[in-house]
Colleague: 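Below you'll find the structure I mean.
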2 protein chains.
Amino acid sequence: MSDPRQAARHRLAQFMEDKGKRNTRQRDLIVDIFLEAGGHLTLNELLRLVQERDDRVGFATVYRTMKLLAEAGVAEELRFGEGQTRYELAHADEHHDHLICQTCGKIFEFEDDEVEAIQDRIALRFGLKVTEHRHEIYGVCTKTDCEHLRAATELPQ
Amino acid sequence: MSDPRQAARHRLAQFMEDKGKRNTRQRDLIVDIFLEAGGHLTLNELLRLVQERDDRVGFATVYRTMKLLAEAGVAEELRFGEGQTRYELAHADEHHDHLICQTCGKIFEFEDDEVEAIQDRIALRFGLKVTEHRHEIYGVCTKTDCEHLRAATELPQ
DNA sequence: GTGCATGCAAACGCTTTGCAGTCTG
DNA sequence: CAGACTGCAAAGCGTTTGCATGCAC
């Protein structure tokens with residue numbers, strides 16, 4: 001049960017029950033695909049994947065389901081500079097930030113306690129109490145398979 | 001000439017000349033207001049300020065002028081989580097990040113070499129060469145005049 | 001059966017652009 | 001006076017919502 005996907009399913013099931021939400025064919029499918037895909041997808045990318053398995057599902061359902069997952073704490077909304085929202089699996093309790101390759105579009109995750117500590121110190125200096133933060137590092141991937149990945153993930157820019 | 005506004009005016013004048021751009025009543029007004037206001041304004045906030053002095057100026061002109069300033073390296077586009085673009089005066093050569101108070105909407109700027117250094121190290125670990133980054137710290141302002149500031153800056157949320 | 005969920009299409013909010021008329025250099 | 005600039009209005013684009021219908025419980 002150290003699988004984050006299993007944990008997510010449990011949390012979601014609990015949330016659904018608590019709130020009197022219903023399980024439907026569409027929701028199940030969307031959740032499955034979101035969990036399998038493993039993150040950083042836009043609504044349209046999700047929709048496309050969903051429709052490969054069931055083309056009767058509409059955009060609004062994917063949209064509302066992802067909002068639901070976000071509310072349940074199972075998904076997190078990410079907004080990079082692209083003008084679209086991406087969704088990733090929320091890792092329980094732990095926070096992480098992102099590195100984005102501007103060539104291939106690949107997104108990496110990182111976590112750094114030192115940065116978090118410095119952050120708190122900086123905020124204090126301005127008289128703020130930190131509630132959340134966003135830290136994105138943009139760069140160029142030096143891996144040789146960069147171009148290949150770009151094609152695979154189909155990210156713009 | 002350590003005044004960043006003067007520096008900005010010079011840089012802009014140079015850019016205009018190089019590119020064969022023209023000086024107009026509207027552009028002069030928008031630039032004046034942008035430089036005086038001192039940052040972090042949305043297009044609509046700018047438009048409102050501009051129209052207080054000349055209500056014949058349209059939104060598109062403010063929009064295009066700010067794009068021009070961004071292109072000239074005089075303004076920088078900021079996108080926080082609000083769905084609107086804000087513009088701030090670009091400080092020549094130096095980079096800084098932002099602290100945003102979620103209560104009063106006030107925006108502070110900070111700079112931290114240690115974070116930048118850690119960032120480079122993290123990126124290296126993933127095989128990326130950093131081109132730029134974004135670091136936003138959201139928090140709650142503990143200042144007593146927080147609510148007052150909120151009214152003054154008229155930020156949402 | 002009740003009322004939550006779906007799918008469509010329309011509304012939104014912000015940004016971007018085409019075009020006819022205006023003004024700078 | 002050529003062509004860059006303006007203002008308007010319309011188009012784009014991603015997101016959000018109203019509503020009639022469908023379906024889970």
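Convention: sequence-line order gives letters A, B, ...; per-chain numbering from 1. Since the model is a prediction, treat every value here as computed from it, not as a measurement. Computation of the quantities below employed the complete heavy-atom set of this structure, encompassing side-chain atoms and omitting hydrogens, waters and symmetry-equivalent molecules.
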Colleague: May I have the distance from B/Met16 (atom CE) to D/dC5 (atom C1'), rounded to whole angstrom?
Modeller: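 So the two atoms are 10 Å apart, to the nearest Å.
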Colleague: Strictly below 4.0 Å, N to O, side chains only: are A/Arg86 and A/Glu88 in salt-bridge contact?
Modeller: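 No, no charged N to carboxylate O under 4.0 Å.
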Colleague: Are A/Asp32 and A/Arg9 within salt-bridge range, i.e. N to O under 4.0 Å?
Modeller: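 Yes.
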Colleague: Starting at atom CG of A/Leu41, determine the distance to atom C1' of D/dG14, rounded to an integer number of angstrom.
Modeller: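 A/Leu41 atom CG is separated from D/dG14 atom C1' by 17 Å.
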Colleague: Looking at A/Arg53 and A/Glu36, is any side-chain nitrogen of the basic one under 4.0 Å from a carboxylate oxygen of the acidic one?
Modeller: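 Looking at A/Arg53 together with A/Glu36, the answer is yes, because their closest N to O distance falls below 4.0 Å.
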Colleague: Enumerate the residues from residues 23-35 of chain A whose closest heavy atom to DNA chain C is under 4.0 Å, giving them by residue number; use none for an empty result.
Modeller: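 Residues of residues 23-35 of chain A under 4.0 Å from DNA chain C: A/Thr24, A/Gln26, A/Arg27.
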Colleague: How long is the line joining CG of A/Leu68 and P of D/dT16, in whole Å?
Modeller: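 In whole Å, D/dT16 P lies 14 Å from A/Leu68 CG.
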Colleague: Can you measure B/Asp54 atom CG to C/dC23 atom C1' for me and round it to whole angstrom units?
Modeller: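 Distance, rounded to whole Å: 14 Å.
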Colleague: Without decimals, in angstroms, what is the distance between A/Glu45 CD and D/dC13 P?
Modeller: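 Going from A/Glu45 (CD) to D/dC13 (P), I get 17 Å.
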Colleague: Going by distance alone, is a donor N or O of one side chain under 3.5 Å from an acceptor N or O of the other, for B/Asp97 and A/His135?
Modeller: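 No, because no side-chain N or O of B/Asp97 sits under 3.5 Å from a partner of the opposite role on A/His135.
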Colleague: Using a 4.0 Å cut-off on protein heavy atoms (strictly under), produce a 5'-to-3' string for nucleotides 11-18 of chain C with B for base contact, S for backbone-only sugar-phosphate contact, and - for none.
Modeller: ---SBBBB
Colleague: Would you tabulate the side-chain donor-acceptor contacts of residues 59-73 of chain B under 3.5 Å, counting partners in other chains and residues two or more places apart, or write 'none'?
Modeller:
residue	atom	partner	partner atom	Å
B/Thr65	OG1	B/Thr61	O	2.7
B/Lys67	NZ	B/Glu77	OE2	2.9

Colleague: Specify the residue among B/Arg22 and A/Gly58 whose closest nucleotide of DNA chain C lies further upstream toward the 5′ end.
Modeller: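 Mapping each residue to its closest nucleotide by heavy atoms, the 5'-most match is A/Gly58.
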Colleague: Indicate whether the side chain of A/Glu76 and that of A/His96 have a donor and an acceptor atom separated by less than 3.5 Å.
Modeller: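 Not at all, the side chains of A/Glu76 and A/His96 share no donor-acceptor pair under 3.5 Å.
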Colleague: Roughly how many Å is it from CG in B/Leu47 to P in D/dT6, rounded to a whole number?
Modeller: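 It is 14 Å, rounded to the nearest whole Å.
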Colleague: What distance separates A/Leu35 CG from A/Gln6 CD, expressed to the nearest 0.5 Å?
Modeller: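 With rounding to 0.5 Å, CG (A/Leu35) is 9.0 Å from CD (A/Gln6).
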Colleague: Aromatic rings B/Phe108 and A/Phe126: how do their planes relate, parallel, tilted or perpendicular, breaks at 30° and 60°?
Modeller: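 Ring orientation of B/Phe108 relative to A/Phe126: tilted.
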